[in-house]
Structure formats: C-alpha cells, structure tokens
Amino acid sequence: MGTTPEFSRRDLIKRAAAAGLFAVPAMSALSACASSGGGSGENQVGKGKKSAKNPLAVNETAPLDVVIFNGGFGDQYAKDAEAAYLSAFPKARVKHAATQDIQTELQPRFNGGTPPDLIDNSGAKQMDMGTLVGKQQLTDLNALLDAPSFDDPAKKVRDTLRPGVVEMGQFEGSETWILYYAYTVYGVWYSKTNLQKLDAQYPETWDDMLKVCEAAKKKGIAGWTYAGKYPYYLPFSLYPFIAKIGGVEVLNRIDNLEPNAWKDPAVKAAFDAYYELYKKGYILQGTPGLTHIESQTAWNEGKALFIPNGSWVENESKKTTPRDFRMAVGAPSSLDKNDKMAFGTLWAAGGEPFIVPKNAKNPQGGMELLRVMLGKKSSQNFVQKVSSLTSFNGGTEGLALPPGLASSQEALAKAGKNVVNPRIQDWYVALQKEKIGVGALGEMMAGRLTPDEAITKIQRFADETAKDDSVKKYKHK
C-alpha cells in the first residue's frame with residue numbers, strides 16, 4: 001500500500017484477487033521471457049539520443065502510456081507533470097488513464113505483454129509488489145536514480161530523495177524496483193480545536209490518553225474511530241506503538257516472518273492497550289461498519305477525537321473538514337517508562353508506489369516522467385494540490401502549508417532518527433490487509449476476539465505465509 005490517500009484502496013481485498021495476480025499459465029510464460037535489469041526489448045521503441053537535456057535517452061517521438069491510481073490524491077498532479085514532459089518532447093503524445101481498479105484493468109495487459117510505461121500501483125486493487133518483483137516483471141530504476149536530477153545536473157536523482165525512499169524500493173540486492181512518490185506520515189490524527197474544547201493537550205502517555213477519552217465520553221464524544229470496514233488502518237498507529245514499547249527489532253522480526261514474532265510482549269502490551277479502548281466504550285458506536293470516508297467524516301464532525309490514518313487524510317477529507325479544525329498528527333503515546341523508544345517515535349515512509357513494467361514499450365519515457373515529477377516544481381505542485389509531501393527532500397520552501405501538513409513536518413522533526421517503517425505492508429500485501437487487518441485486528445477492536453486470540457490468529461497467518469512456497473520471502477538486511 002504505500003501509503004497514500006485513496007478511495008478504493010480501502011475496499012476489502014478479495015482473497016481470490018490477492019492470490020490471483022496473474023493466472024499461473026500466463027505467469028509462467030511471462031517469467032520465462034523476462035530477465036532482471038531492463039525491458040525485454042522485443043516490443044520496445046528505439047532509444048533517443050542521450051544529451052544533457054535528455055540523460056535517459058528518451059525517444060522524442062515515442063508515445064508514453066501512463067496509468068495513475070485515482071484515489072485521494074486524484075491524478076491532476078500527474079497530468080501537470082505530463083504537460084512538462086510534452087514541453088520537453090513536443091513530438092510525443094501521452095496516453096493518460098486514471099482508475100481505482102489497477103489490478104483488474106492491468107492484469108490482462110501484463111498477461112498479454114503490453115503493460116503501460118508507468119503505473120501508480122496503489123489502492124486496494126493494486127498488484128502485489130512481492131509477486132511483481134519475484135516474477136521479474138519490473139524494470140530496475142537505478143538508471144533513473146543515477147541520472148542527473150531535474151533541477152541540478154550536479155546531483156543525481158537519488159541524492160535528492162528523502163532518507164529511506166530508495167531502500168523501500170529494493171527487495172533483494174541493489175536493484176530498485178519501485179519509486180515511492182509521496183511521503184506519508186502515519187499516526188494518531190486529531191483536531192487541536194476539539195482537544196482545546198476539552199481543555200486537553202495531545203496525550204503523551206497512555207494513561208493520559210484514557211483520561212482524555214473518558215472526559216470526552218462524559219460529553220457524549222467518542223475517543224476514537226477508525227475505518228472499520230478496512231481495519232488495516234489500525235496499524236498506522238499500532239505498529240509504531242509496538243516499536244515504541246519493544247524497539248524496532250520487534251517490527252523487523254514481524255516483517256521477517258520469524259516464528260513467534262507476534263508473541264513478543266510488546267505486541268501483547270500494545271494490543272491490550274487498544275482493546276481497552278473498546279472495553280471502556282471509547283470507540284465511536286458503529287465504527288466497525290464505517291468506511292474510511294465515513295469514519296473521517298464522523299471525526300471531522302467532532303463525533304470522535306482521534307483516528308489512525310496517514311497524511312493523505314487532510315486532502316481526502318477536506319470537503320468535510322471545518323475551517324477551524326486545526327488538523328494535526330500525534331505520535332503514539334508512551335505506554336510507560338519502560339518503553340524502548342522515546343515519545344515522538346512514528347511511522348513515516350514513502351507512499352504511492354510507481355513502477356515501470358519490464359515489458360513496457362517506452363521504459364525510458366516512464367522513467368523520464370518520474371524524473372520530471374521529482375523536480376522541485378512538480379513536487380511543490382503536488383504539495384499545494386494534495387497537502388502531502390513528496391519523496392523529493394525539500395520543495396516546501398516558501399509555501400504556506402495547511403495545518404495537517406505543517407504538523408507532519410513538525411512530527412518528523414521531533415522524531416529525528418526515531419522513524420520506523422514496517423515492510424510487511426508492501427512485502428506481504430494480502431497478509432497485512434486481508435488477514436491481519438480484516439481477519440484479526442478488526443475482529444479484536446469490534447470485541448469479537450480478545451487480544452490473546454487475535455495474536456494467536458495473526459501468528460498462524462504469518463506462519464502459513466512463511467511456509468507458502470508460492471510467496472516470495474524478503475528479509476531486513
């Protein structure tokens with residue numbers, strides 16, 4: 001998932017769809033003709049002349065085929081970048097499509113060997129990243145990363161990116177298969193105005209969190225709500241809470257699918273704390289039946305104080321956000337003085353994963369459009385249009401940032417080196433969303449599973465994935 005705002009991303013992932021990214025016979029055929037490190041070459045357009053203005057040797061007359069996930073960010077930012085691309089290559093043409101059904105619409109094109117040149121592979125119906133990498137269906141983007149940056153030819157593209165972005169796109173070895181364009185700050189989102197009405201500050205300890213929720217309850221306000229139909233939103237604040245309690249190594253063991261990783265005491269402590277929100281009646285009534293939009297709207301309306309989410313929420317919920325809401329993000333509260341990491345620890349990482357398929361006809365064009373997008377002008381355009389940071393390390397100078405985005409910047413500064421990035425959500429999409437999220441966390445927060453039962457169930461899901469030979473495995477280096 002990367003993390004990015006979306007509408008259909010929050011749809012329930014169908015088990016069959018998750019398992020059937022490609023039909024087995026078609027996949028075998030694709031695997032047989034694919035090799036790592038570039039396109040197949042059979043259907044590709046010829047390269048253009050390499051120059052200072054064209055460092056990737058784009059064919060100046062070749063068409064460019066782009067598909068963008070049409071979620072909370074929309075697709076205008078991509079259209080604007082495409083206009084800049086056409087300004088540089090006026091003889092080219094761009095075929096642009098926007099959809100919420102990435103896998104449904106693109107699976108036949110992958111199977112037929114005619115995928116687009118650039119894809120924003122996001123949403124609930126995204127193609128599984130681990131499968132795409134494992135089946136060698138992607139182009140290595142190191143050529144893009146080593147190209148001169150759009151604004152400063154003395155700097156490589158990779159040198160203009162935020163820390164950790166390149167590594168997120170790597171699975172094994174030095175190849176970079178994915179470029180995450182947005183930069184998402186996850187956490188507990190709230191309204192400074194609504195907290196102020198309760199004479200409260202954002203709670204830095206869990207005891208204070210419970211006190212604030214109790215004070216809200218007495219006034220008929222819920223403490224928390226969340227996307228009940230898509231409970232894989234809960235980890236946006238729960239995972240960094242686990243890391244804060246037990247250290248980042250707990251999340252690493254979970255990512256690595258190690259035996260009994262979910263039975264770590266830090267996981268149990270975090271689950272118990274969240275379950276207490278349910279037991280004390282601090283969850284907005286009806287939350288298990290709410291979509292992400294419905295839960296965000298209820299939160300905007302002041303029916304609940306806190307919601308686990310990502311920084312896309314400011315743009316996605318702007319139609320229902322009051323002008324005086326003063327949206328902000330908080331890092332997980334401290335459980336107690338024995339926490340391994342300091343208050344301020346949060347999850348922040350690249351989101352909105354862009355890929356260039358192995359069999360793209362114009363892979364150089366796809367990478368060049370990404371180079372344009374990672375320039376300062378396009379990055380600032382994205383920031384202004386959708387209230388989100390990009391992976392370009394900068395681009396906010398001189399801009400008046402909306403409250404939520406300004407808060408994200410402040411949270412990142414406060415976190416310093418205490419930023420975690422769980423990889424389970426992009427290494428094992430079906431496990432994370434459908435099984436852990438819907439099958440266990442959603443059940444626990446609805447009161448249908450105890451924390452111990454949820455942990456046992458999740459550990460079983462993780463063990464099944466670890467033993468499944470059809471699932472490509474990845475580990476932290």
Side-chain angles (χ1 to χ4, degrees), residues 1-2 9 11-37 40 101-115 119 121-140 168-173 175-178 230 232 235 251-262 353 355-359 422-441 456-477:
M1 173 175 80
R9 163 179 290 183
D11 295 340
L12 176 61
I13 297 178
K14 300 291 191 295
R15 183 181 300 270
L21 173 60
F22 299 103
V24 173
M27 205 57 204
S28 300
L30 284 170
S31 310
C33 69
S35 60
S36 61
S40 66
D101 299 324
I102 294 292
Q103 178 179 299
T104 304
E105 295 188 15
L106 296 187
Q107 177 179 327
R109 295 189 61 182
F110 269 84
N111 289 347
T114 60
I119 303 168
N121 182 34
S122 193
K125 297 178 182 178
Q126 70 179 163
M127 295 172 286
D128 188 284
M129 295 297 191
T131 300
L132 288 170
V133 173
K135 296 297 184 180
Q136 299 182 326
Q137 295 305 302
L138 303 181
T139 297
D140 180 6
M168 277 193 69
Q170 297 174 337
F171 284 66
E172 290 179 327
E175 297 90 352
T176 307
W177 306 114
I178 304 162
Y230 319 118
Y232 41 83
L251 293 185
N252 288 345
R253 289 195 291 269
I254 287 172
D255 288 343
N256 290 343
L257 302 179
E258 293 181 18
N260 297 318
W262 284 94
I355 55 175
V356 175
K358 172 80 63 176
N359 290 327
R423 299 304 305 275
I424 192 170
Q425 74 161 2
D426 48 274
W427 285 353
Y428 308 108
V429 175
L431 171 63
Q432 161 68 8
K433 289 187 174 180
E434 179 190 358
K435 296 179 179 179
I436 295 173
V438 176
L441 292 180
T456 298
K457 193 173 185 181
I458 292 173
Q459 187 61 63
R460 185 176 75 248
F461 288 147
D463 291 342
E464 289 169 354
T465 301
K467 294 174 183 177
D468 188 344
D469 292 337
S470 70
V471 177
K472 177 74 174 177
K473 309 302 189 306
Y474 303 98
K475 291 185 180 296
H476 286 276
K477 297 179 182 178

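Within the 4.5 Å cutoff, the side chain of Met127 has no heavy atoms near those of the Thr131 side chain. Taking the side chain as every heavy atom from C-beta outward, Met129 and Pro353 approach each other to under 4.5 Å. His476 places a side-chain heavy atom less than 4.5 Å from the side chain of Asn256. Looking only at side-chain heavy atoms (C-beta outward), Leu431 and Leu257 come within less than 4.5 Å of each other. Taking 4.5 Å as the limit, every side-chain heavy atom of Gln137 sits out of range of all side-chain heavy atoms of Pro115.
Looking at Tyr428, its side chain does come within 3.5 Å of a backbone N or O of Tyr474 through a donor-acceptor pair. Checking side-chain atoms of Asp255 against main-chain N and O of Ile424 turns up a donor-acceptor pair under 3.5 Å. Between the side chain of Glu258 and the backbone N or O of Arg253 there is no donor-acceptor pair closer than 3.5 Å.
In this structure Lys457 satisfies the salt bridge (Lys or Arg N to Asp or Glu O under 4.0 Å) test with no other residue, sequence neighbours excluded. Partners of Thr104 by side chain to side chain contact (heavy atoms under 4.5 Å, CB included), not counting sequence neighbours, listed by chain and number: Asp101, Lys125.
Residues Pro357 and Ile119 come closest through the heavy atom pair CG-CD1, 3.7 Å. Contact detail for Asp463 and Pro259: the closest heavy-atom pair is OD1-CA, 4.5 Å. Annotation for Gln170 and Glu175: closest pair CG-O, 3.2 Å, computed over non-hydrogen atoms.
Rounding to the nearest 0.5 angstrom, the gap separating the CD1 atom in Ile254 from the CD1 atom in Ile436 is 7.5 Å. Note that CH2 of Trp427 and CZ of Phe171 are 8.5 Å apart. Values are rounded to the nearest 0.5 Å. Note that CZ of Phe110 and NZ of Lys358 are 11.5 Å apart. Values are rounded to the nearest 0.5 Å. In this structure, OG1 in Thr465 is found 7.5 Å from NZ in Lys473, a value given to the nearest 0.5 Å. How far CD of Gln432 is from CG of Leu441: 8.0 Å, rounded to the nearest 0.5 Å. Separation of atoms CG (Leu138) and CG (Leu132) is listed at 5.0 Å; rounding is to 0.5 Å.
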Legend entry - Verdict with supporting geometry, Asn121 and Leu106, side chain to side chain contact (heavy atoms under 4.5 Å, CB included): CA-CA 10 Å; Asn121 182 34; Leu106 296 187; over 6 Å; no
